[in-house]
Amino acid sequence: MEYIKYKRGHSSDIQRGTSCKGVSNNIIKKFSITGKIGITIVFLFLLIGIFSNCISLHPYNVPSGSSLESPSLVHWLGTDDLGIDLWAQICFGARVSIMVGFGTALLAGLGGSLIGIFSGYFGGLTDKVIMRLTDMMIVLPDLPVMIVLGAFFGPSVRNIIIVLALFSWTAPARIVRSKVISVKEEKYVTAAKSYGANFWHLTIRHFLPNILPIVMVSIIQLVSRAIVAEAGLAFLGLGDPTSKSWGLVLNHAINFRGIYFTDYWKWWVVSPIAAITLLVTAMAFIGRDVEKIVNSKI
Amino acid sequence: MGKGLLKKASEYLITFFIIITLNFFIPRLMPGDPFTFLSSEEGQITVTYTEEQIDKYKAYYGLDKPLFVQYASYITNLFKGNLGYSIYYNDSVVRIIGKRIPWTVSIVIISIILSCLVGTILGSWSAWHRNGIPDKVIYAVMIPISEIPSFLIGILFLFILAAKQGIFPLSGGISTFAEYNNPAEKAVDIIHHAVLPVLTLSMTRLGEFYLLSRNSMVSVLSKDYIRTAKAKGLNKVRIIFRHALKNAMLPIVTRVFLSLGAIFGGAILVENVFSYPGLGRLMREAVMVRDYVLIQGIFIFMAVMVLTMNLLADILYVKLDPRVS
Amino acid sequence: MFWRIKNIIIAIVLAGLMLTEIAGCSNSERTVNKDNESSKPVVISLEGGDWGYPTPFSHYSRGPGVFKMTLIFDSLLERGEKGYIPWLAEKWDISKDGLEYTFTLKENVKWHDGEPMTAEDVKFSFEYFAKHPPVSNDLTVDGKSFIKSVEVVDAKTVHIKVEKPLAIILGKIGNARIIPKHIWEKVDDPRKFNTPEAVIGTGPFVLKDYRKEQGAYKYEAFKDFWGPKPKVDILQFIPVSDSVLAFDKGEIDITGITPDILSKYEGNREYKVMKNPAFWGYRLIFNMEKRAELKDKEIRKAFAYAIDKNELVEKVARKAAVPGSAGYLPVDHIWYNKGVKNYQFNIDKAKALLKGRKMSFNLLIGNSNAEIRIAELLKISLAKAGIEINVKSVDMKTRDAAVKKGNYEIVLTGHGGWGNDADLLRTMYAKEKTSNQSPSADGIPGYSNEQINELCKLQLIEMDPAKRKDIIFKLQELIAEEIPQIPLYNTTGYIVYRPYKYDGWKYMFDHHEVTHNKLSYLDVK
C-alpha cells in the first residue's frame with residue numbers, strides 16, 4: 001500500500017508516504033477541539049434527524065396546541081401560527097436539511113469527481129469540453145438560474161437536490177482533474193499503464209486513493225453550502241413548501257406580517273436560524289480540520 | 001502568449017453563445033406566460049386580460065411566431081445591441097437595466113474591495129500569529145461568519161441597526177424626493193443607504209478572503225527568504241506587506257474576480273431584504289411575471305460581467321505569476 | 001509604514017462616523033421643520049413600489065398600478081361609498097330599451113395642460129380604446145366590445161349606442177378613462193408612449209416625478225381641478241422594506257397591520273384603526289372534467305362540511321378575515337344574501353355524505369405562505385373525513401397557467417374583485433363559453449347547471465336594479481346549494497393611520513383599499 005506518493009509541489013513540504021487506513025484512523029485524533037465539537041454537533045443533528053419521531057412529543061405536521069404559544073414544558077420551543085410544535089418541526093427539519101445537504105454534496109462530489117477523472121485522464125477534446133462546461137457553470141450566477149430552474153422543475157426535495165448538485169459539481173471536478181493530471185505523470189502510474197492497465201484499473205488502484213481525501217474535503221464543504229442554498233431558496237419562496245425544512249420554517253416566520261412587533265420572533269425566528277447556523281458552522285469546522293489534515297499529508 | 005489569449009477569447013465567445021442560447025430557451029420553457037394573471041398576492045389586485053387582449057399582446061411582442069423565428073430575431077437584435085422591449089415593465093430593457101446597474105455594481109464592487117481588504121489584513125495578521133490566541137479567536141469567529149447566509153445577516157442588520165436603533169434607513173438606495181443643497185449631501189445620503197447592504201455582502205465574503213489569505217500567507221511565511229528577512233530583524237509589518245503579501249497576493253486577486261458570480265447571487269438576496277433598487281430585485285420580479293425579454297437582458301448582462309472578470313483574472317494571472325510565461 | 005496604515009484606517013473610520021453623524025443631523029432637522037410649520041402643505045406618503053408609468057396603457061396589470069393611473073385620469077362616473085356617483089358626467093339618461101345612453105358633461109373641465117375637456121375627447125377615448133385596448137379594459141363584455149357608436153351631440157353632450165341592453169353597462173362606461181384627444185390622436189403605439197405628455201389627464205393629481213427603479217412616485221394636486229378641492233397637496237409613494245416598520249418611523253402615513261399587533265395601536269389616541277371590507281378571498285375550484293366523481297353534489301358537499309373555515313380564518317388569517325359564503329358574494333358585498341345555506345364544519349356529516357368512500361385528490365396551490373398554510377390545514381381536516389389530499393405547490397404563474405388550461409384536479413387560488421358587480425357570478429358559474437374578464441377564467445370546468453345558467457342570463461338583461469337584486473339573491477341560494485366551488489375566506493385586514501396627520505380615508509363601495517380611492521384625497525363631505 002505504498003502507492004500514495006504525492007508529487008513534489010512548489011512548497012518545500014517533506015514528501016511523506018502513508019497508508020489509506022492510517023489516514024482515516026488518525027483523522028479523528030488529529031482534530032482540533034473545534035473540530036471535535038463540530039463532529040459532536042453534526043452527530044447530534046443526525047440522531048435528531050433520524051429519530052425525530054421519538055424525540056419530539058408532538059407531530060411535526062399536525063397542530064398540537066393553540067397558535068403561537070410561547071416556549072413551555074409542553075412545547076419546548078413554542079408553536080407556530082397553526083399551533084404546530086416548533087421543536088418537532090426543528091427535529092424533522094434536521095432530517096430534511098441533512099438530506100438536502102448530504103444528498104447534494106454526495107451527488108455533486110461523486111459526480112464531479114467522476115467527471116474530473118474523465119477530464120484529467122483523457123485530456124484532449126473531452127477535457128476541453130468539460131472545462132468549458134465548468135467555466136460556464138461558474139460563470140452563470142447560480143441563484144438566478146436556480147430561480148428559473150426551480151420555477152421550471154417545480155419544487156420538491158429531490159429536485160432541489162438535483163438543482164443544487166447541478167451547480168456544485170464543478171468545484172470537486174476541477175480539483176480532481178488537476179490531481180489526476182499530476183498523478184497520471186507519476187512513474188508508477190506510467191509504469192502500470194505500460195503494462196497494459198486500463199482506465200478503470202488505474203482509476204480504482206491509483207487515482208481513487210489519491211483523490212479520496214480531497215474529494216472528502218470538498219464534499220464536507222458542499223454540505224453546508226447546500227443547506228444554506230436550500231434555506232435561501234426557501235427564503236425567496238422557491239423551496240419545497242411541503243418539505244418543512246428549516247429554511248421553510250424560517251420563511252414562514254419571517255413572512256408572518258408584523259413578526260418583529262410581536263414576541264413570536266423570539267422562538268419562531270430564532271430557533272431555525274440557530275439550527276441552521278449551528279449545523280453549518282459545525283460542518284465548517286469539520287471541513288477545515290479535515291482539509292488541514294489532508295493538506296499536511298501532502 | 002498572444003495566440004493563447006486569442007484562443008482563450010474564442011473559448012469565451014463560445015461559452016457566451018451557449019449562455020445566450022440558454023437565456024432564450026430557459027425562460028420560455030417555464031410554465032405560464034407574461035399575460036395570464038388570474039390570481040394575486042394577498043390583498044393585492046390584478047387586471048385579468050381577455051383572450052382577445054392576450055392575442056393582441058402576443059402579436060405585438062412577436063410571441064405568436066414560431067420559436068425558432070423568435071430565436072433568430074433575438075440573436076440578430078442582440079448583435080445590433082438591441083436587448084428588446086420589456087413586456088411587463090413597458091420600457092426598453094437597456095434603459096431598465098441601465099438604471100439599475102449603478103446600484104448593484106457599486107455595492108458589489110465596494111463589498112468585494114472591502115471584504116478583500118479586511119479579509120487580507122486579518123488573514124495576514126492571523127498567519128503571522130499562527131496558532132496564537134488572536135489567530136485562534138479570529139479563526140473561530142470567521143468560520144461561522146463565512147457560513148451564515150447573507151439574507152440572515154441582512155435581516156439581523158435590518159432589524160437591529162435600522163429598525164430598533166434607527167441608525168440606518170430601512171430600505172431603498174436614496175432618500176426619495178429629498179432635496180439636497182449640494183452634491184456632497186446627496187453622496188452622503190446614498191452612502192448612508194448603501195452601508196447596510198454593503199456591510200451584509202462584505203460580511204458574507206469576508207470569511208472566504210480571510211481563510212484564503214491566511215492559508216496563502218502561512219505557506220509564504222514558511223519560505224526561506226521570509227525566514228531570512230525575519231532573521232535579519234526586519235520590521236514585522238514590513239515583512240508582511242512588502243515581502244510576504246506580494247507573493248501571497250496571487251490567489252487572492254484571482255479569487256476577487258472569480259467570486260463575482262457568487263456575489264451577484266448574494267446581491268439578489270440582499271437587495272430583496274433591503275428593497276435596494278438593484279438588478280437582483282428586478283431579476284426576481286422578472287422571473288415572477290415571466291418577462292422573457294427582461295430575463296434575457298439581465299442574464300446577458302450578468303454573463304458578460306462575470307465572463308469579463310474571468311478573462312481579466314486569466315490575464316492577471318499570467319501577468320502576476322512569475323512561473324507562467 | 002504600519003503606523004501610516006493605522007492612521008489612514010483611523011482617519012477613514014472617523015470620516016465615516018462623521019458622515020453618518022452629519023446625515024443623522026440633517027435628517028432630524030428636516031423632520032423637525034416639517035412638524036413645526038403647520039401652514040406647510042399636506043404631504044402624504046404611502047408605500048411605494050414600481051407599478052408602471054401611470055397611463056391607461058402602460059401601468060402594470062398586477063398591483064396598484066390601476067389606481068395610480070386613476071389619480072390622473074378621470075372617468076364619467078366615480079365609485080363612491082354607496083355606489084356610482086356623477087363625476088365627469090354631471091347627469092345621464094338611459095333610453096327605455098336600454099340601448100342608448102346620453103351623458104351630460106361637467107363644464108369647465110380642464111386638462112392638466114390647460115386645454116378644455118369636451119365631448120370630442122370622450123368620443124375619441126372610446127374609439128381609441130376599441131382600437132388599442134388599455135390594460136384595464138372596461139368597454140367589453142365577455143371579451144367583445146359592446147359599444148356600437150359614440151356621437152358628439154354638442155360640446156358637453158355625448159350619445160352612446162350599445163349593442164345589447166345589459167344591466168352592467170352603465171358601470172362599465174362610467175369606469176372607462178377619458179384621455180385627451182389632442183395628445184393621443186398622434187400616438188400609434190400607446191404602450192410605448194411614455195413621455196410627460198402621456199400623463200396629462202383631468203384628474204385631481206399631476207404626476208411630478210416617477211422613478212421606476214426606486215418604485216417612487218410623486219403627485220401634486222392639480223390647481224385647476226374641476227371638482228372637489230384636493231385635501232392633499234403632495235402625494236408620494238416611497239419604497240419601504242417593511243411597511244409596519246416604516247409606519248412606525250413615520251416614513252409612511254398608513255399601513256396594513258395584522259391582528260397580532262393590533263393592540264399596539266388600538267386604544268391609542270394617536271392612531272386610528274379601520275377594518276377593510278372583505279373583498280379579497282381564497283377559493284377552492286373543483287375540476288369536474290378531470291375528476292368526474294366531483295360532479296356528484298354529495299361529494300362536493302362533503303368537502304364543504306369537512307373544511308373548517310373558521311379554523312382557517314383563525315389560524316392562517318389570524319382572524320383578519322370572514323369565512324367565505326357558499327353563495328360566493330362575500331358578507332360586505334352590497335348584494336350579499338345572508339340566507340344562503342351555511343355549511344357548518346361537521347366531519348360526521350361529511351362522512352355520511354361520502355358513505356364510506358375513500359378518495360384521493362391532487363390539490364394545486366401557489367407558493368405563498370398563506371396558501372401553503374391553508375393547504376396544510378385542509379389536508380389534515382379532509383383526511384379526517386376520508387379524503388386524502390396530495391398538495392403540490394408551484395409559483396403563482398405556473399398555477400395560473402394550470403387554472404387557465406384546466407390542468408388540475410382541485411386548485412386553490414386567491415384574488416381580489418369579490419366586491420365587483422354581481423355579474424361576476426355569471427362569468428364564474430354560468431356555462432356558456434364566457435370570457436375571462438373576471439379572475440375566474442372559464443367558469444368551473446365540467447360543471448353546468450341549467451337553472452344557474454338561466455338566472456345568470458336573466459340578471460344580465462334586467463335593467464331594474466330591485467328586480468335584478470332579487471335574481472342575484474336567488475342565484476346565491478342556488479349556488480350555495482350546488483356548491484360547485486368553495487369560497488374559503490375573505491380577508492378583511494386592518495389599516496392604521498395617524499388621524500392628526502390626515503384623516504380623509506374612505507372606502508369605495510366595491511373595493512377594499514382606502515388608498516386606492518381617489519375620494520380619499522379630496523374634500524367631499
Side-chain angles (χ1 to χ4, degrees), chain A residues 58-70 79-84 89 92 146-160 233-245 247-265 268-269, chain C residues 241-248 255-265 308 311-320 362-381 383-384 389-399 401-402 412 491 493-494 496:
Chain A
H58 306 282
Y60 70 91
N61 52 359
V62 183
S64 52
S66 53
S67 296
L68 295 160
E69 278 181 43
S70 52
T79 60
D80 69 3
D81 52 345
L82 298 189
I84 302 179
Q89 289 190 59
F92 185 78
M146 273 191 228
I147 293 175
V148 173
L149 289 181
F152 182 47
F153 287 122
S156 78
V157 173
R158 196 196 56 207
N159 288 347
I160 285 172
L233 283 183
F235 174 72
L236 288 179
L238 294 160
D240 174 9
T242 50
S243 73
K244 295 262 179 193
S245 69
L248 202 79
V249 175
L250 184 63
N251 184 31
H252 279 304
I254 287 175
N255 284 321
F256 185 82
R257 272 185 298 162
I259 178 87
Y260 299 123
F261 297 96
T262 63
D263 283 338
Y264 312 147
W265 67 274
W268 199 7
V269 176
Chain C
S241 51
D242 183 310
S243 66
V244 180
L245 280 182
F247 176 76
D248 246 34
T255 183
I257 53 167
T258 57
D260 292 282
I261 50 173
L262 199 57
S263 57
K264 196 173 147 166
Y265 301 104
D308 190 351
E311 187 192 23
L312 296 178
V313 166
E314 199 175 299
K315 288 185 170 166
V316 183
R318 306 292 302 154
K319 299 192 188 100
N362 291 327
L363 171 63
L364 184 70
I365 61 169
N367 59 4
S368 78
N369 277 290
E371 282 170 68
I372 293 164
R373 292 318 222 183
I374 290 173
E376 274 178 52
L377 291 177
L378 288 183
K379 191 182 163 121
I380 294 166
S381 71
K384 284 183 199 150
I389 294 288
N390 300 309
V391 181
K392 192 183 169 214
S393 149
V394 293
D395 85 317
M396 211 161 91
K397 271 282 186 182
T398 310
R399 192 254 324 269
L412 172 67
T491 56
Y494 296 89
V496 57

Proximal component of A:I84, with respect to chain C [non-hydrogen, under 4.5 Å] = side chain
request  = Could you tell me which portion of A:N61 (side chain, backbone, both or neither) has an atom closer than 4.5 angstrom to a non-hydrogen atom of chain C?
outcome  = backbone
message = Rounded to the nearest 0.5 Å, what separates atom NZ in A:K244 from atom CD in C:E376?
response = 3.5 Å
query = For the atom pair CD1 (C:I372) and CG (A:N251), what is the distance rounded to the nearest 0.5 Å?
reply = 7.0 Å
note = Exactly one of C:R318, C:E314, C:K319 clears side chain to side chain contact (heavy atoms under 4.5 Å, CB included) with A:S67, and that residue is C:R318
query = In terms of heavy-atom pairs under 4.5 Å with chain A, which of C:I257, C:V316, C:D248 leads?
reply = C:D248
inquiry  = For C:L377 versus A:L82, what's the shortest heavy-atom pair and its separation?
reply    = CD1-CD2, 3.7 Å
task = Using non-hydrogen atoms and a 4.5 Å limit, figure out which bit of C:L245 sits close to chain A: side chain, backbone, both or neither.
result = both
